Amino acid sequence: MSADPDQVEVPTRTLVHALIREDGTVDAEELYSVAGTLGMSDQQVRLCIKRLVAEGRFTHEGRGRKAELRATAETTRALAPNADFLRHAFDQDAGLAPWDGVWHLAAFAVPESARPVRDALRETLVHLGGAPLQGGLYVCANAWEPYVEEAAHRLGAHAALTLLTSTDLRRGDTREPAELARRLWPLEEIAARYHRLSRIAEPRLARLTGSGGLSSADLLTIDVELAAELTRAIEPDPLLPPQLLPQLWPGTRARECVAQCWAALYERDRGAARPALFRLYTEIAREAAARVTP
């Protein structure tokens with residue numbers, strides 16, 4: 001029998017990260033319970049914990065299900081989701097962030113002797129929503145300058161960075177903005193990720209809004225599954241303005257459905273100690289809803 005193509009695969013490490021609470025701790029009993037619901041073995045979880053501790057990403061106190069993990073400061077900083085980007089996505093969905101017609105470009109020339117820095121800067125620009133135009137030149141439809149400069153400073157490449165804007169971008173004979181976007185970014189692949197996110201979120205929303213009982217472990221499992229799938233969808237998404245996207249862009253519907261899931265989770269488990277990731281996502285969704293409410 002073939003595996004369910006819409007089954008959520010959550011790496012053990014992702015599960016541990018998703019269950020970090022606002023005080024930086026992960027409760028082992030909770031971790032093992034959710035892992036079991038996701039089909040992970042206790043041995044799989046133990047090995048993951050051992051690796052994370054060995055890498056210096058967590059400290060570990062206690063044994064077995066009575067243990068407590070604590071994320072190091074560096075881990076907490078590295079795993080903090082970029083709330084600005086998620087807020088921007090919801091603003092775009094609500095029509096609150098129309099495109100001003102400005103393209104934002106970043107160019108750099110890092111020598112071969114600093115190849116790791118060059119590669120890291122390229123990866124960062126793509127992660128921030130950039131698309132390569134040619135060697136060392138990237139374009140983004142959003143104002144990314146503060147994020148690009150922060151990354152360049154962190155990588156020691158700020159002196160090699162050039163930033164500029166343009167309202168007249170052409171590639172070959174193509175200058176129409178939506179057509180440029182279609183050629184520069186893999187929109188079909190990104191759309192497929194959002195279609196999958198909707199397929200994952202919709203049945204979970206039905207469970208959350210139905211009359212059936214859900215345990216704390218069930219709710220945490222849904223938290224983790226939604227976070228994992230949202231991450232898979234939104235990380236490669238350049239968050240292009242709606243004016244540059246095909247009509248009925250699936251990202252809008254998928255994010256709306258996930259936000260409804262967060263609202264339902266909040267109502268189901270109001271006041272409980274939830275993972276920091278869930279609380280942040282819920283707060284952003286509620287802020288977005290308040291901005292569009294008359």
Side-chain angles (χ1 to χ4, degrees), residues 4-10 14-15 18-19 34 37-38 81-97 129 185-270 272 274-294:
D4 180 357
D6 291 333
Q7 181 179 358
V8 180
E9 294 185 7
V10 181
T14 299
L15 170 62
L19 293 182
V34 178
T37 305
L38 290 168
N82 198 315
D84 290 347
F85 291 171
L86 191 56
R87 286 191 177 94
H88 185 67
F90 278 118
D91 282 348
Q92 287 181 327
D93 295 340
L96 300 177
W185 285 276
L187 297 185
E188 289 186 5
E189 176 186 331
I190 295 166
R193 290 173 180 262
Y194 279 117
H195 283 305
R196 173 179 166 82
L197 177 57
S198 289
R199 293 197 307 269
I200 296 299
E202 286 167 1
R204 286 157 181 78
L205 179 60
R207 291 179 64 197
L208 289 167
T209 55
S211 58
L214 292 170
S215 68
S216 178
D218 290 333
L219 296 175
L220 278 171
T221 299
I222 294 174
D223 278 355
V224 172
E225 289 175 333
L226 291 173
E229 286 300 328
L230 177 66
T231 298
R232 288 191 182 104
I234 206 168
E235 277 196 345
D237 184 358
L239 299 180
L240 296 174
Q243 294 88 337
L244 303 182
L245 292 170
Q247 293 294 311
L248 301 178
W249 179 244
T252 302
R253 170 56 191 154
R255 285 189 290 262
E256 178 186 0
C257 189
V258 172
Q260 290 172 347
C261 287
W262 292 334
L265 279 162
Y266 180 80
E267 291 301 320
R268 282 262 189 174
D269 213 9
R270 188 190 295 269
R274 309 301 296 158
L277 184 65
F278 166 76
R279 282 196 179 276
L280 179 59
Y281 281 177
T282 303
E283 288 169 4
I284 291 173
R286 294 174 72 189
E287 290 171 6
R291 285 196 292 274
V292 299
T293 300

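None of these values were measured; they are calculated from a predicted model.
Between V8 and R204, the closest side-chain pair of non-hydrogen atoms falls below 4.5 Å. At least one side-chain heavy atom of C261 sits under 4.5 Å from a side-chain heavy atom of L208. Side-chain contact between W262 and L230 is present, with heavy atoms from C-beta onward closer than 4.5 Å. No side-chain heavy atom of E229 sits under 4.5 Å from any side-chain heavy atom of R199. Residues L219 and D223 form no side-chain contact, since every pair of their non-hydrogen atoms from C-beta on lies 4.5 Å or further apart. Side-chain contact between I234 and L239 is present, with heavy atoms from C-beta onward closer than 4.5 Å. The side-chain heavy atoms of L244 and W249, taken from C-beta on, include no pair separated by under 4.5 Å.
Shown here for A254 and Y194, the closest heavy-atom pair between the two residues is CB-O, 3.5 Å. A pairwise comparison of heavy atoms in R268 and R207 identifies NH2-O, 3.2 Å as the closest pair. What you find for S198 and P203 is that their closest heavy atoms are O-CD, 4.4 Å. For A217 against V34, the heavy-atom pair with the smallest separation is O-CG2, 4.2 Å. Residues Q92 and A97 share a closest heavy-atom pair of CG-CB, 4.0 Å. Contact between I190 and P236 at its shortest, heavy atoms only, is CD1-O, 3.6 Å.
Within a 6.0 Å sphere centred on CD of E9, other residues, nucleotides and ligands contribute 12 heavy atoms or fewer.
Atoms CZ and CD1, from R196 and I200 in turn, are 4.5 Å apart once rounded to the nearest 0.5 Å. Between atom OG1 of residue T231 and atom CG of residue L197 there is a gap of 10.0 Å, rounded to the nearest 0.5 Å. Note that CD of E225 and OG1 of T37 are 9.0 Å apart. Values are rounded to the nearest 0.5 Å. Note that CZ of R87 is 4.5 Å distant from CD1 of I284, once rounded to the nearest 0.5 Å. Here the CG-CG distance, from L220 to L38, works out to 10.0 Å after rounding to the nearest 0.5 Å.
Under a 3.5 Å cut-off, the side chain of D91 and the backbone N or O of H88 do not form any donor-acceptor pair. Counting only distance, with no hydrogens or angles, the side chain of R255 and the backbone of D93 share no donor-acceptor pair below 3.5 Å.
Judged by distance alone, the side chains of D218 and T221 never bring a donor and an acceptor atom under 3.5 Å apart.
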Exercise for the section: Begin from the C-alpha positions of L96 and F90 and carry the test side-chain contact (heavy atoms from CB on, under 4.5 Å) through to its verdict. Expected result: CA-CA 9 Å; L96 300 177; F90 278 118; over 6 Å; no
